[in-house]
2 protein chains.
Amino acid sequence: MKYSVSKENHLKAIFHLQQEQGLVTTNALAAALRTRPASVTDMLKKLKEQKLLIYERYKGFKLNTEGRKAAVQVIRKHRLWEYFLVKKLQFGWDEVHDIAEELEHISSRALIDRLDAFLGHPETDPHGDPIPDSQGRLQVRRQTCLADLPLNKTVQVSGVASQTPEMMEVLQHNHIRLGTRLEIKKKFPFDDSLEIKVRNRPPVTLSARVAKNVLVTYDESLTERR
Amino acid sequence: MKYSVSKENHLKAIFHLQQEQGLVTTNALAAALRTRPASVTDMLKKLKEQKLLIYERYKGFKLNTEGRKAAVQVIRKHRLWEYFLVKKLQFGWDEVHDIAEELEHISSRALIDRLDAFLGHPETDPHGDPIPDSQGRLQVRRQTCLADLPLNKTVQVSGVASQTPEMMEVLQHNHIRLGTRLEIKKKFPFDDSLEIKVRNRPPVTLSARVAKNVLVTYDESLTERR
DNA sequence: CTTCAATTTTAGATTTGTCTAAAATTAATT
DNA sequence: AATTAATTTTAGACAAATCTAAAATTGAAG
């Protein structure tokens with residue numbers, strides 16, 4: 001099944017929103033897509049017609065199985081293209097989002113499967129977000145922000161929530177990149193800042209603001225792999 | 001300047017048509033784009049408004065400098081993507097057109113320049129058509145069809161005009177591929193068929209129909225390069 | 001349990017790209 | 001040169017995706 005660019009964007013945004021909240025609201029989706037609530041309502045009607053979501057007037061909405069499948073395919077494409085842009089075309093971590101936003105709507109299934117193979121079936125995109133496999137299975141990983149973590153637990157940086165250039169600057173400066181392993185050595189309740197330790201580096205302090213935006217994974221594979 | 005997908009398709013098609021004929025006609029463009037003459041007229045008005053072509057009612061039209069620039073950029077993208085698909089993703093020569101047709105509308109300039117570098121600044125696409133450089137310069141090559149060639153002139157296969165699967169089958173079978181060097185050994189006026197010779201192979205006969213569709217280059221670089 | 005504010009939906013308009021059917025223009029033929 | 005045929009353009013309609021402004025619904029607070 002092929003959907004318009006706008007529909008794919010709606011599906012993707014709904015998918016992301018319903019990860020956090022269960023039901024998604026019209027206003028929230030309008031904000032995420034930088035469009036108007038009225039436009040969202042229009043689109044919801046069409047998506048409901050096409051049986052891609054569960055929606056009751058005034059109540060909120062969420063994707064059904066079909067809609068989730070479609071959304072995950074778009075996300076798969078987005079993340080594979082991001083990986084390609086960074087690993088093959090040498091783009092910076094922070095430059096690729098807008099381009100991938102366009103590439104994710106290229107429809108060919110054969111293209112994306114071959115791209116996946118060409119890239120060596122990567123598991124996560126350059127921001128550390130998991131890439132759904134060709135069956136649409138999306139790996140679930142225990143992901144929290146650095147701020148919510150106990151002391152002395154080794155974790156791996158897997159993403160950055162709000163990627164402003166200013167934010168990226170801080171991370172760059174402290175040698176924190178995707179995949180960096182680190183642990184929290186001390187918490188300062190005064191301002192909720194943290195002292196963290198990266199292997200082979202002196203400890204550094206991060207503000208609560210920064211810690212909230214750094215996402216980390218701490219699943220078992222960490223002790224196993226690499 | 002950024003143009004809609006439909007506008008880019010019109011510009012590209014006009015460019016190709018005006019290579020052959022000087023002025024392009026409404027019907028010809030409608031046929032090339034598989035749309036209706038009335039729709040073409042509508043679009044021509046918009047493209048004229050935007051100062052991309054020279055157009056007088058009922059008379060015909062062609063691109064001006066600005067329009068040509070825009071068209072060449074689309075062609076550059078199309079051919080670079082085709083090269084990528086064949087050389088990196090292992091697609092067949094004949095499978096890539098439709099996918100490139102979508103990819104050519106991705107807008108990022110940085111993307112296409114990096115892709116070009118990643119591919120090693122290729123000079124021709126997998127069909128043998130020259131790829132415009134980043135300045136939009138399009139290499140002019142003396143290209144004719146096999147049918148119009150004198151005897152005993154060594155030429156290089158550079159493209160296929162009408163790429164039907166049936167046509168490709170004939171070429172495959174006779175070991176004629178892009179870059180293949182060959183010469184005409186004999187012409188049969190009875191049916192305009194040709195006997196040709198590829199190095200290290202027995203001579204084969206091609207019908208006039210096939211010969212008309214095989215494009216070859218015969219510039220000096222042939223004796224020089226490789 | 002009303003009333004008011006926020007949210008959501010409807011109604012109606014706009015833009016872009018397309019279409020069909022009819023009219024205008026050009027070209028071709030007798 | 002006049003009539004017919006082909007080409008091209010206009011006129012008017014439609015679908016998709018958006019918007020604004022107004023109406024409907026919900027839910028929160030007195």
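Sequence lines set the chain letters: A, B, ... in the order given, protein chains first and strands last, and positions in each chain run from 1.
- Side-chain contact, B:Glu82 with B:His78: a donor N or O sits under 3.5 Å from an acceptor N or O.
- Here A:Thr26 lies in heavy-atom contact (under 4.0 Å) with sugar-phosphate atoms only.
- Nucleotides of DNA chain C lying under 4.0 Å from heavy atoms of chain A occupy a range whose first and last members, 5' to 3', are C:dT7 to C:dT10.
- Under the salt bridge (charged side-chain N to carboxylate O under 4.0 Å, His left out) test applied with B:Asp125, the options B:Arg79, B:Lys77, B:Lys87 reduce to a single match, B:Arg79.
- Across A:Phe15 and A:Arg68, no two heavy atoms sit closer than the pair CE1-CG, 3.5 Å.
- Closest-nucleotide positions on DNA chain C for B:Tyr58 and B:Val5 were compared, and the one nearer the 5' end corresponds to B:Val5.
- No side-chain donor from either of B:Thr25 and B:Asn27 sits under 3.5 Å from a side-chain acceptor of the other.
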Distances under 3.5 Å between nitrogen or oxygen atoms of protein and nucleotides 12-16 of chain D:
none

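- No more than 12 heavy atoms of other residues, nucleotides or ligands shown are found within 6.0 angstrom of CD on B:Glu56.
- Using a cutoff of 4.0 Å between basic side-chain nitrogens and carboxylate oxygens, B:Asp116 and B:Arg76 are scored as salt-bridged.
- Toward the 5′ end of DNA chain D lies the nearest nucleotide of A:Arg34, the other residue of the pair A:Arg34 and A:Lys59 mapping further downstream.
- Side-chain contact of B:Asp133 with B:His121: a donor-acceptor pair under 3.5 Å is absent, judged by distance alone.
- In B:Gln21, the CD atom is crowded: over 12 heavy atoms of neighbouring residues, nucleotides or ligands sit closer than 6.0 Å.
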